[in-house]
Amino acid sequence: MTTSRRLADRKVDRFDKKVTKRGAVGETSSRKGKDYPVGPILLGFFIFVVIGSSLFQIIRTATSGGMA
């Protein structure tokens, strides 16, 4: 058997081994619990800014008498 044929056979064997593993996700990669990507303080601050700015805009529009 030539060197290139041995390398090709080894490559095919590795590919065949990996094909059977496709789509199989291990238990360690799945998340356990309900962790949020941001903390509760940052989430509260974001909600405060969004709701506060919308209330500020509503009050500003109401006091100016229509569209500003």
- Item | Partner set under side-chain contact (heavy atoms from CB on, under 4.5 Å) for Phe48, not counting sequence neighbours | none
- The side-chain contact (heavy atoms from CB on, under 4.5 Å) partners of Ile47 (sequence neighbours excluded) come to Leu43, Ile51
- Sorted by chain and number, sequence neighbours left out, side-chain contact (heavy atoms from CB on, under 4.5 Å) with Leu7 holds for Thr3, Arg10
- Query: Is any side-chain N of the basic residue among Arg5 and Asp9 closer than 4.0 Å to the acidic one's carboxylate O?
  - Reply: yes
- Item | Residues that Leu42 engages under side-chain contact (heavy atoms from CB on, under 4.5 Å), provided they are two or more places apart | Val38
